[in-house]
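In what follows, a structure is listed as structure tokens, so that the remarks can point back to it.
None of these values were measured; they are calculated from a predicted model. Every chain is numbered from 1 and lettered A, B, ... according to where its sequence line falls, protein lines coming before strand lines. Quick note: numbers below take in every heavy atom, side chains included, and nothing from hydrogens, waters or symmetry partners.
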2 protein chains.
Amino acid sequence: MNPAELQAEQEFLQSYDPNKYERPIGVTADIVIFTITSEVLSGSTKCLPKRSLSVLLIKRNGHPEKGKWALPGGFSSADETLLETAQRELYEETGVDNIYLELLKLYDTPGRDKRGWILSAAHVALVNEQYLANRKAADDADDVQLFTIEEVAKLDLAFDHRQIITDAVTYIQKLMLQTTIAREFLPSKFTLAELLQVIQTVVPSYQITKTNFIRKMLLTKKQPIVIPAQNEFSTEFSQRPAQLYQFANSYVPHLSIYVDPSPKT
Amino acid sequence: MNPAELQAEQEFLQSYDPNKYERPIGVTADIVIFTITSEVLSGSTKCLPKRSLSVLLIKRNGHPEKGKWALPGGFSSADETLLETAQRELYEETGVDNIYLELLKLYDTPGRDKRGWILSAAHVALVNEQYLANRKAADDADDVQLFTIEEVAKLDLAFDHRQIITDAVTYIQKLMLQTTIAREFLPSKFTLAELLQVIQTVVPSYQITKTNFIRKMLLTKKQPIVIPAQNEFSTEFSQRPAQLYQFANSYVPHLSIYVDPSPKT
DNA sequence: CGAATAGTGTCTCTTAGACATTATGGC
DNA sequence: GCCATAATGTCTAAGAGACACTATTCG
């Protein structure tokens, strides 16, 4: 840009009227915080816990939509991205940092907020139950609570948050089958039965025979998804010791409805 | 909500200060309009055209970023969603309606627009070259132009539009392999060679032998992606007549890195 | 030993992928 | 007849899916 153009641009910017276009009242980053809660079943013998997909909600104590359950979130500002806003809110609410957090989509239906034109950038966060355990003891406030998705269906939710949660569930179901996000809900080493249970908790329609699932995980030689931890077994959930596995770091899913475009082997 | 609560909410809304939180100057819907341009090769014999993935850009004639090439787009307002804004802009720019149009993601890096806090909801549109042909004749303005993605790499682009285009290309490459969006770039009936060429135009790394591609398209019995049009052949691109195909409407891709969760057959 | 969960053997059918071969029409 | 492109044949190896079977530990 030559000096004349530069000056023209400077002048333009100095005389620019920020109210030239209609302005939103604000932009919020809202977060659907998913976790898988487990409930130990104390039966006659050892078995896997009962797991449920859950979402963290907050009871609104201010207007509007006072008293309703809502997604955690807050207003963003010019000096941070919406992802940063979401990170901040997530940390404030759960004390958790450095976890899976991603933009889902933007919610902007006119009239979604009675205060006026407020956009919501909905995010999805996946938190391991363990990380929430500490926090739970600290502030067991009854205005912050985990609900299973079955329970959420019965609640009175603020704004368009029911729609956001529905979309988020659909989204993580797809992620669960197409990526290795199951790792976010598992310890670093786990049994194949645990992995299958986590998948089925998020995607209940995923009904397959366990033996073939195990075989698939073991026999995929080109690109193994999980690899066995040498000589490490667990008897936490079963009588017979079960082999422990880890996710293979090298695994990069690439899915195609056409022929696989992978380079020749 | 009981009458007292209702009144409390009314009072809250009437006294609500829209400047309570920092407000963006505006929100724009920008669109990456993709099309596949074809260039007929007039050689000794009939052959497929040369195809290139292209993007529609507009030369900015106002400040800021005056003179640079930019994505078409415009400011949204409180009474429409960003998708509607994008639809409107798309129609204004191309005269095209009812085509593939979807939100890509939100661009909100602080400082991305010198005017101040302006968010951009980037959209992706897929337009069949045919639809643009009429328009092109009408206004062959040199401030609106299609560029192949190779050409775009050399241009001076406004704002963060280079990043947006890069992200959009990555996104449609994934879509191309995982969904049937190839249909957006093809006529309703097409040969398998054309389909393969469209896929390879968008995903150049998709190098496979054509014969196996053809077989895969034909032998997938459970859920065929394309179905042959009975007794319809084309000699447009070849000496020997080639079978014409259509996309199967019943096809619903469901991809999984684990065992296929489809119900038993 | 029985119960419960982990894991393997085996068989059938489908698909991926390489590569050779045949088919059709224009020039 | 030659060439270009379309399409099929054939072979090997891998994977899916069903189902019977073996293995290990606890009580």
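Taking atom CD1 on B/Ile214 and atom P on D/dG9, their separation rounds to 13 Å, with Å as the unit. When the P atom of D/dT24 is taken as reference, atom CD of A/Gln243 falls 14 Å away, rounded to whole Å. Rounding to whole angstrom units, CG of residue A/Leu192 and C1' of C/dT8 are separated by 14 Å. A/Gln239 places its CD atom 17 Å from the P atom of C/dC1, with the value rounded to the nearest Å. Across the protein-nucleic acid pair, A/Ile208 atom CD1 and D/dG17 atom C1' stand 10 Å apart, rounded to whole Å. The separation between B/Glu236 atom CD and C/dG26 atom C1' is 16 Å, rounded to whole Å. As a whole-Å value, the separation of A/Phe237 CZ from D/dT25 P is 18 Å. Distance CZ (A/Phe213) to P (C/dT8): 14 Å, rounded to an integer number of Å.
If you check every strand for non-hydrogen atoms under 4.0 Å, B/Thr211 touches a base.
When each of D/dT10, C/dA6, D/dA4 is scored by its nearest atom to the side-chain atoms of A/Arg240, the top-ranked nucleotide is C/dA6. If you check C/dG7, C/dA18, D/dA7 against the side chain of B/Thr209, the one that comes closest is C/dA18. The listed nucleotides are D/dG17, C/dC19, D/dT8; the one nearest the side chain of A/Asn212 is D/dG17.
Nearest heavy atom pair, residue B/Glu129 against residue B/Thr37, reads OE2-CA, 3.3 Å. In plain terms, the two heavy atoms of B/Thr179 and A/Ile257 that are nearest each other are O-CD1, 3.4 Å.
The only option from A/Asn128, A/Leu175, A/Val127 that meets the side-chain contact (heavy atoms from CB on, under 4.5 Å) definition with A/Tyr100 turns out to be A/Leu175.
Remark: A/Lys210 is in phosphate contact with C/dA6, judged by side-chain N or O atoms under 4.0 Å from OP1 or OP2. Phosphate proximity of C/dT15 to B/Lys216: absent, as no side-chain N or O sits under 4.0 Å from OP1 or OP2.
The environment of CD in B/Glu236 is sparse: at most 12 heavy-atom neighbours from other residues, nucleotides or ligands sit within 6.0 Å.
Where A/Ser238 and B/Ala242 meet DNA chain D, the nucleotide closest to each residue was compared, and B/Ala242 sits on the side nearer the 5' end. Residue order along DNA chain C, read from the 5' end via each residue's closest nucleotide, puts A/Pro241 first among A/Arg215 and A/Pro241.
Counting only N and O atoms by type, the side chains of B/Asp167 and B/Tyr107 include a donor and acceptor under 3.5 Å apart.
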